[in-house]
Amino acid sequence: MTRQPGALLVLGWGNLSRGDDALGPRFVADLQERLPQSLLTHVDFLEDYQLQVEHALDLAGRKSVLFVDASLDAAAPFEVSEVQAMRDSSFTSHALSAQALLQVFTDLQGQPPPPAQLLAIRGERFELGQAMSDAAQNHLAAALAWGLEWVRQSVATCRPANPV
Amino acid sequence: MTNLETAENAQGLRRVAIDPVSRVEGHGKVTLLLDENNHVQQARLHIVEFRGFEKFIEGRPYWEVPVMVQRLCGICPVSHHLAAAKAFDRVLGAAPITASAEAVRRLMHYGQMLQSHALHFFHLSSPDLLFGFGSPVAERNIVGVAQAHPEIARKGILLRKFGQEIIRITSGKRVHGTGAVPGGVNKLVSAADRDALRRELPQMMQWAYDAVEMVKQLHEQNAILYNGFADFRSNMLSLVRRDGAMDLYDGVLRVRDADGAILFDGIDDQQYLGVIEEEVRSWSYMKFPYLRALGNAAGWYRVGPLARVQNCDFIPSERAEIERQAFVAWGKGAMVHSSLAYHWARMIEMLHSVEVISTLLADPALLSGDLIAQGTRQRSGVGIIEAPRGTLIHDYDVGDDDLVTRCNLIVSTTHNNQAMNEAVRSVAREYLDGQEITEGLLNHIEVAIRAYDPCLSCATHALGQMPLDVTLLDASGALLDRVQKSPGGGLTRLPEPSAALAA
């Protein structure tokens with residue numbers, strides 16, 4: 001039987017073989033490993049190389065979405081920001097920005113997207129074949145602690161007031 | 001008259017740079033050297049090559065490679081996955097692979113073709129085609145398409161989703177799949193998955209057909225533009241089946257010249273080095289392949305949909321063959337060379353892909369049969385596949401310890417390197433010579449490059465890493481204007497605005 005979509009979606013992107021670019025998918029994998037079963041049932045995890053248009057379909061039915069990517073601009077260890085649907089150039093070709101993805105969702109579904117946050121984890125090096133830097137490992141650990149708490153709080157918010 | 005690759009006197013010319021090229025994968029930079037009258041004196045497309053790919057692979061156990069090579073490219077990982085698996089089939093002496101393994105791999109490959117072509121047409125190129133090349137940049141993107149033409153954007157997304165579902169089913173995962181292994185595959189398709197895909201086929205077939213009709217209408221409505229934009233003669237190279245049919249998974253190499261005459265045919269994929277040589281030029285990281293027999297000046301060629309649709313003698317599926325014949329008729333007996341015709345050819349291939357998927361889903365070999373073939377171990381192997389962007393070559397040597405000792409990759413975009421440079425020059429001559437430099441005009445160059453759907457360097461995309469940087473220098477080399485655009489679309493102009501670059 002097909003499982004119903006989880007209320008929460010954690011969507012990370014990056015390339016595992018390009019040094020700190022692996023932060024997004026590593027966060028997704030590590031968070032999935034650390035969450036207790038009672039919380040796992042509320043969360044879907046998704047990783048990809050890049051954010052793509054069809055990910056708009058993965059947002060449907062969610063109570064909340066967490067986007068995760070490596071960032072050269074974010075302050076260490078990580079930054080969290082609210083993402084609003086917005087038309088932008090997204091000229092970086094085959095990939096979309098998180099805000100543009102939310103806008104695609106809005107235009108396709110005719111309704112506002114679910115609340116979304118972007119977790120930008122500071123990375124330092126991104127060359128093919130490089131291992132993740134020590135600094136990025138530390139940033140990942142800090143981000144995971146925040147991520148665990150984000151799931152706990154989000155699940156608590158999503159739950160009915162008087163669960164049966 | 002200069003061919004515009006190298007100016008006779010580069011000093012004293014001003015330089016316009018577009019860096020990187022938008023809606024093109026990876027990093028690219030276009031430089032135009034202008035004289036005092038805004039006449040283009042030199043045009044080049046500089047590309048940051050797939051640096052270190054071979055070193056990334058060498059020293060690894062061969063059985064890891066079909067999985068690892070997916071990380072070379074976040075856009076067409078399945079093509080690398082299958083090309084590497086085909087090469088290591090040869091290393092294992094597993095040629096041919098089993099009927100079931102070939103059916104599963106073909107299904108995976110045509111699913112990849114479908115999803116890649118859908119993304120390119122509906123989401124990367126349709127903004128240019130639907131809104132016009134000089135329309136405001138804020139509209140000319142997929143978000144603009146989704147708002148103005150939601151039904152088109154939706155079809156594109158669902159076609160792409162269908163292709164990706166095929167990849168998930170055949171490779172085991174949505175990304176980082178492991179379905180193809182040296183010698184065969186590691187799993188078959190379940191009846192439930194097959195049936196789920198078949199239920200969606202009629203809708204996908206209709207949408208793919210609609211897409212061909214749409215691009216055909218665009219040509220008919222503006223034949224002068226579509227026939228003349230970045231139109232230049234070239235040789236065409238691709239795989240074809242031994243009987244001359246289109247085959248995107250396997251075959252022999254065929255080359256036609258610019259008039260359509262066959263120059264080479266039936267070249268075994270293991271012998272590609274006897275036909276193709278690569279040239280290094282000092283100003284680009286990307287090599288320039290050419291046909292050995294013709295030399296570098298006359299031997300360059302194009303690959304991808306435009307080459308494949310015209311290189312084959314027929315397409316072995318009913319509806320796509322009808323569309324191929326319409327495409328050929330459009331050329332009135334001559335080869336079609338316009339760069340915008342890539343879009344039409346690409347949609348014919350997308351329709352063909354859906355038809356092939358339909359045929360494969362009726363093949364019982366998908367559901368049962370042997371997974372792996374075996375043979376006599378060899379020390380080297382070549383795998384060639386027609387990836388969405390064109391011919392993709394993987395070539396490996398493997399030591400007795402099973403470690404890869406040599407790796408040579410020629411990716412589709414590299415084959416088209418000279419062609420994309422020719423496209424830039426053609427557009428520069430036609431649209432930029434003697435005119436003000438505006439964002440809309442610069443986009444004409446990007447439109448020409450995007451027709452080839454190049455994948456310049458992949459999958460490094462951390463937030464904040466890919467600003468658009470446009471620089472204008474005067475005849476003495478002093479900075480006149482510089483515009484930086486963030487990934488979010490914001491513009492920063494340094495030091496002072498210049499009318500020449502006002503968008």
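What you see is a predicted model, and the numbers here were worked out from it, not measured in a lab. Reminder, nothing fancy here: chain letters follow the sequence lines and each chain counts from 1.
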The interface call for A:Leu46 against chain B, heavy-atom contacts under 4.5 Å, is side chain
Check whether any side-chain N or O of A:Tyr49 sits under 3.5 Å from a backbone N or O of B:Cys76 as a donor-acceptor pair, and report yes or no. no
Atom pair CG (B:Leu158) and CD (A:Glu54), whose distance is rounded to the nearest 0.5 Å: 10.5 Å
Test log, rule side chain to side chain contact (heavy atoms under 4.5 Å, CB included), inputs A:Arg18 and B:Arg71: CA-CA 8 Å; A:Arg18 283 192 181 268; B:Arg71 299 180 188 174; over 6 Å; no
Are B:Lys161 and A:Asp58 ion-paired here, with the side-chain N under 4.0 Å from a carboxylate O? yes
Applying salt bridge (Lys or Arg N to Asp or Glu O under 4.0 Å), which residue pairs with at least one partner in residues 138-148 of chain A are found, sequence neighbours left out? none
Is it the backbone or the side chain of B:Gln115 that comes under 4.5 Å from a heavy atom of chain A, or both, or neither? neither
From CG (A:Leu57) to CD (B:Gln164), nearest 0.5 Å: 10.0 Å
Over 12 foreign heavy atoms within 6.0 Å of CG, B:Asp195: yes
Supply the atom-to-atom distance B:Ile157 CD1 to A:Gln52 CD, rounded to the nearest 0.5 angstrom. 11.0 Å
Keeping to residues at least two apart or across chains, list the side chain to side chain donor-acceptor pair (under 3.5 Å) pairs with something in residues 138-150 of chain A. A:Gln117-A:Trp150, A:Glu149-A:Gln153
Please determine whether the number of non-hydrogen atoms from other residues, nucleotides or ligands lying under 6.0 Å from atom CD of A:Gln137 exceeds 12. yes
Counting only heavy atoms not in A:Arg62, do more than 12 sit closer than 6.0 Å to its CZ atom? yes
